Participant: 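This is the structure, below, for whatever I ask next.
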Amino acid sequence: AQKVTQAQTEISVVEKEDVTLDCVYETRDTTYYLFWYKQPPSGELVFLIRRNSFDEQNEISGRYSWNFQKSTSSFNFTITASQVVDSAVYFCALTFSGNTPLVFGKGTRLSVIA
Amino acid sequence: EPEVTQTPSHQVTQMGQEVILRCVPISNHLYFYWYRQILGQKVEFLVSFYNNEISEKSEIFDDQFSVERPDGSNFTLKIRSTKLEDSAMYFCASRPGREGTEAFFGQGTRLTVV
């Protein structure tokens with residue numbers, strides 16, 4: 001079965017703290033793709049990053065970084081020096097070959113307090 | 001930048017009524033999806049549509065739901081006889097067709113059944 005687990009339901013941090021959002025996935029496929037989406041209070045789903053199963057390179061984009069480890073089936077997301085505008089629900093998602101639908105985790109609600 | 005647009009942004013309907021949610025996917029995309037998010041919960045897949053037919057559907061997508069692409073641009077989700085538990089945010093998404101690409105989501109339609 002394909003499954004995405006985001007064990008952290010809610011996280012609250014003070015502005016400028018670093019925070020890591022965990023994502024663990026389950027799949028039997030050798031080819032798969034992982035994503036992170038942000039859902040701000042306005043409700044839309046904003047794409048952040050995509051990773052395929054053959055590319056374990058970590059990625060950094062400004063204050064955001066992602067750590068993909070196949071050995072632990074994890075694709076964790078770190079925000080450095082968090083800001084109030086980072087407050088949102090963050091979803092990790094998984095899909096497979098052939099444009100199959102994304103399977104989402106339950107999301108982690110991040111609150112950044114000024 | 002091209003985007004997926006959904007109308008209306010909010011719809012209130014009486015239980016038992018039919019509703020049609022509308023989406024205009026990105027023009028050169030080939031795969032279309034509807035997802036649902038009950039308030040505060042995860043994003044759940046309903047149905048995918050490719051080459052003018054349903055390619056996959058979840059167990060949520062029962063006989064009260066239908067999808068159509070009537071004119072080559074619009075993509076609609078019809079709920080025939082709404083129930084209170086259909087109250088949710090409904091997201092349309094599209095993908096270009098290259099394997100593993102991210103899904104581009106519309107801003108959602110909030111459906112409230114009273």
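So that the names make sense, note that chain A is the first sequence line, chain B the second, and so on, each numbered from 1. These figures come from a predicted structure and were not determined experimentally.
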Participant: Pick from B/Gly108, B/Ala103, B/Ser48: which one has the most heavy-atom pairs with chain A under 4.5 Å?
Facilitator: B/Ala103
Participant: Looking at A/Leu45, A/Thr31, A/Val103, A/Val89, which has the largest count of heavy-atom pairs under 4.5 Å with chain B?
Facilitator: A/Leu45
Participant: Do you know which of A/Tyr37, A/Tyr32, A/Phe96 has the most heavy-atom pairs under 4.5 Å to chain B?
Facilitator: A/Tyr37
Participant: Which answer fits B/Gln37, side chain, backbone, both or neither, if we ask what part of it has an atom under 4.5 Å from a heavy atom of chain A?
Facilitator: side chain
Participant: Can you name the residues of residues 5-36 of chain B that have some heavy atom under 4.5 Å away from a heavy atom in chain A?
Facilitator: B/Tyr31, B/Tyr33, B/Tyr35
Participant: Quick check on B/Ser58 against chain A: is it the side chain, the backbone, both or neither that has a heavy atom closer than 4.5 Å?
Facilitator: neither
Participant: Looking at residues at least two apart in the chain, or sitting in another chain, which of them share a salt bridge (Lys or Arg N to Asp or Glu O under 4.0 Å) with A/Asp29?
Facilitator: none
Participant: Check the orientation of B/Phe65 and B/Phe61. Use parallel for under 30°, tilted for 30 to 60°, and perpendicular for over 60°.
Facilitator: parallel
Participant: Mind checking whether B/Phe105 and A/Phe104 have parallel, tilted or perpendicular rings, split at 30° and 60°?
Facilitator: perpendicular
Participant: So, using side-chain contact (heavy atoms from CB on, under 4.5 Å) as the criterion, who are the partners of A/Ser42 when residues are at least two apart?
Facilitator: A/Pro40, A/Glu44
Participant: Contact part of A/Gln6 toward chain B, heavy-atom cut-off under 4.5 Å: side chain, backbone, both or neither?
Facilitator: neither
Participant: With a 4.5 angstrom heavy-atom cut-off, is it the side chain or the backbone of A/Asn52 that approaches chain B, or both, or neither?
Facilitator: neither
Participant: Same cluster or not: A/Leu21 versus A/Leu48, using hydrophobic residues (I, L, V, M, F, W, Y) connected whenever any side-chain heavy atoms lie under 4.5 Å apart?
Facilitator: yes
Participant: Thinking salt bridges, do A/Lys70 and A/Glu56 make one under a 4.0 Å N-O criterion?
Facilitator: no
Participant: For residues 80-106 of chain B, which residue pairs pass the salt bridge (Lys or Arg N to Asp or Glu O under 4.0 Å) check, not counting sequence neighbours?
Facilitator: A/Arg50-B/Glu102
Participant: Are B/Phe49 and B/Phe75 near enough that their ring centres are under 6.0 Å apart?
Facilitator: yes
Participant: In terms of heavy-atom pairs under 4.5 Å, which option from B/Gln107, B/Gln41, B/Glu56 contacts chain A the most?
Facilitator: B/Glu56
Participant: Does either side chain, that of A/Thr78 or that of A/Thr20, offer a donor lying less than 3.5 Å from an acceptor on the other one?
Facilitator: yes
Participant: I need the A/Thr95 OG1 to B/Phe45 CZ distance, nearest 0.5 Å.
Facilitator: 10.0 Å
